[in-house]
Amino acid sequence: MAATAASGLQLASARPCIASSHRVFKAGAASLDVNSKAVSWNKLASACHLSQSLEPFRRSFASSSVNFNKVVTKAMSESSENKPVSGLPIDLKGKRAFIAGVADDNGYGWAIAKSLAAAGAEILVGTWVPALNIFETSLRRGKFDESRLLPNGSLMEIIKVYPLDAVFDNPDDVPEDIKTNKRYAGSANWTVKEVAESVKQDFGSIDILVHSLANGPEVSKPLLETSRNGYLAALSASSYSYVSLLKHFIPLMNPGGSSISLTYIASERIIPGYGGGMSSAKAALESDTRVLAFEAGRKHKIRVNTISAGPLRSRAAKAIGFIDTMIEYSIANAPLQKELSADEVGNAAAFLASPLASAITGAVIYVDNGLNAMGVGVDSPIFKDLNIPGEKH
């Protein structure tokens, strides 16, 4: 069972990768908007982190009012590339990212690619081999043009798309029925090892690795009804695939690089309906994130983090059958009563991939409107007399 593009609850039914080349995209920095009365942020823009002393920072801001607004990725047009950048920039110009698990324009993988592109990074993607033709055709025919639109008005360019099936580490792992499957006909070099070798041959190195893959063939089954094969398939596609990707791509990654995966709150809380071993797979992914952060950090100076994203109304998540209910529950019970957008997860990934997060590794970053912090569902009738503040939806 192949790994699938992770969207929403990370249960996609498409595997990683695609292959075609396009022209190079040039974009500028994304920025964190900051309003200040007396400080030249241009001086700070050249520093990725304030590491030496907080005292000069305190003195500079003693008479200033600083307000941090909502994080918005902003791409600069070519005509403005040489103009001063206001704010504290997320600047990924000159960086190259490989995002494994992009099969459409609807999920978190696409949103992450888009935010990285808006910050200036070159984008390479991987899509499940059977989805390759549909994805490339959609790109070529302009079906995704609206979704490719960046803040500066240009379109996100995918430099190259590689066919990838992250369930298989090397050609020797591929069973005969997959080799002869007509959905794989016409594609080659799509195991993890082969894709890493192809990227090295084509580009030499990368700076950012994103794992946006998951698949649970028995996700609709309660754990007690899940077969051994179904359980192990979920862990293989959703957890070990990340270990394999990092293992094979880390020799290509420049020191100071960043690797990011996507997880879900079911790793630590009970989510009925999220079965088939998927909750166990996400728990394994988070545990592996910590171990990989240590090993990759010590040996290669690579940071490793995972984003625990809230529910998203993506095509893949809709296949689960209860995604709308989960979104409604989140809006009713999260501290921030709004529907999560894929762009918000993309923006968080851009931050984690940037020098602004240079001291963050081994972390689970929650991007779920705060739902992870809740201990009870405040929409329960039990709390009807408590006058809990909130909006009616």
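Side chains are part of it too, since the values below use all heavy atoms of this structure and drop only hydrogens, waters and symmetry mates. Nothing here was measured: the structure is a model prediction, and the numbers come from that model. The chain is numbered in sequence order, starting from 1.
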Only distances under 3.5 Å count here; give the side-chain donor-acceptor pairs of residues 199-206 to other protein atoms, sequence neighbours excluded, each with its distance to 0.1 Å.
{"residue": "Asp202", "atom": "OD2", "partner": "Lys160", "partner atom": "NZ", "Å": "2.8"}
{"residue": "Asp202", "atom": "OD2", "partner": "Tyr162", "partner atom": "OH", "Å": "2.6"}
{"residue": "Ser205", "atom": "OG", "partner": "Asn254", "partner atom": "ND2", "Å": "3.3"}

Going by heavy atoms in the side chains, are [X] and [Y] under 4.5 Å from each other?
X	Y	result
Arg290	Val304	no
Leu124	Ile158	no
Asn305	Ile360	yes
Leu340	Val367	yes
Leu312	Tyr108	yes
Glu268	Glu286	yes
Val364	Thr289	no
Leu92	Ser354	yes

Does [X] reach the main-chain N or O of [Y] with its side chain, forming a donor-acceptor pair under 3.5 Å?
X	Y	value
Ser358	Pro355	yes
Asn215	Ser238	no
Asp105	Ser147	no
Ser267	Tyr264	yes
Asp379	Asn333	no
Arg303	Ile260	no
Ser261	His211	no
Ser287	Ala283	no
Gln337	Ile331	yes
Ser227	Gly230	yes

Open item on the list: Test salt bridge (charged side-chain N to carboxylate O under 4.0 Å, His left out) on Glu344 and Lys338; report intermediate values, then the result.
Closed with: CA-CA 12 Å; Glu344 290 171 310; Lys338 62 183 181 62; 2.6 Å; yes
TODO: Examine the side chains of Asp343 and Ser341 and answer whether a donor and an acceptor come within less than 3.5 Å of each other.
DONE: no
Open item on the list: Tell me the closest heavy-atom pair linking Ala118 and Pro151, and the distance in Å.
Closed with: CB-CD, 4.1 Å
- [ ] Search all heavy atoms of Val195 against all heavy atoms of Pro163 and return the closest pair with its distance.
- [x] CG2-O, 3.3 Å
Could you give the distance from [atom1] ([X]) to [atom2] ([Y]), rounded to the nearest 0.5 Å?
X	Y	atom1	atom2	value
Leu149	Glu146	CG	CD	8.0 Å
Ser244	Phe249	OG	CZ	9.5 Å
Asp288	Leu292	CG	CG	5.5 Å
Leu352	Thr306	CG	OG1	9.5 Å
Ile265	Ile270	CD1	CD1	12.0 Å

TODO: Decide side chain to side chain contact (heavy atoms under 4.5 Å, CB included) for Leu155 and Phe144; before the verdict, give the C-alpha distance in whole Å, the side-chain angles of both, and the deciding distance to 0.1 Å.
DONE: CA-CA 10 Å; Leu155 297 181; Phe144 299 149; over 6 Å; no
- [ ] Start with the C-alpha distance between Asn189 and Ser198, add both sets of side-chain angles, then the distance that settles side chain to side chain donor-acceptor pair (under 3.5 Å), and finish with yes or no.
- [x] CA-CA 8 Å; Asn189 303 322; Ser198 296; 4.8 Å; no
Task: Member of Ile134, Leu132, Asn133 meeting the side chain to side chain contact (heavy atoms under 4.5 Å, CB included) criterion with Glu136 - done: Leu132
Task: Test side chain to side chain donor-acceptor pair (under 3.5 Å) applied to Tyr184 and Asp165, step by step - done: CA-CA 10 Å; Tyr184 286 74; Asp165 193 328; 2.6 Å; yes
TODO: List the steps and the verdict of side chain to side chain contact (heavy atoms under 4.5 Å, CB included) for Val192 and Asn170.
DONE: CA-CA 6 Å; Val192 176; Asn170 56 69; over 6 Å; no
Open item on the list: Under the criterion side chain to side chain donor-acceptor pair (under 3.5 Å), I'd like the reasoning laid out for Asn152 against Ser154: C-alpha separation, chi angles, the key distance, then a yes or no.
Closed with: CA-CA 6 Å; Asn152 72 338; Ser154 66; 2.7 Å; yes
Task: side chain to side chain contact (heavy atoms under 4.5 Å, CB included) between Asp207 and Met253, worked out - done: CA-CA 5 Å; Asp207 304 278; Met253 297 187 71; over 6 Å; no
Task: NZ/NE/NH1/NH2 to OD/OE distance under 4.0 Å, Arg148 and Glu157 - done: yes
TODO: Could you check Leu223 against Tyr231 for side chain to side chain contact (heavy atoms under 4.5 Å, CB included), going step by step and ending with a plain yes or no?
DONE: CA-CA 8 Å; Leu223 190 56; Tyr231 185 95; 3.9 Å; yes
Task: Neighbour count >12 (heavy atoms, 6.0 Å) for atom NZ, Lys182 - done: no
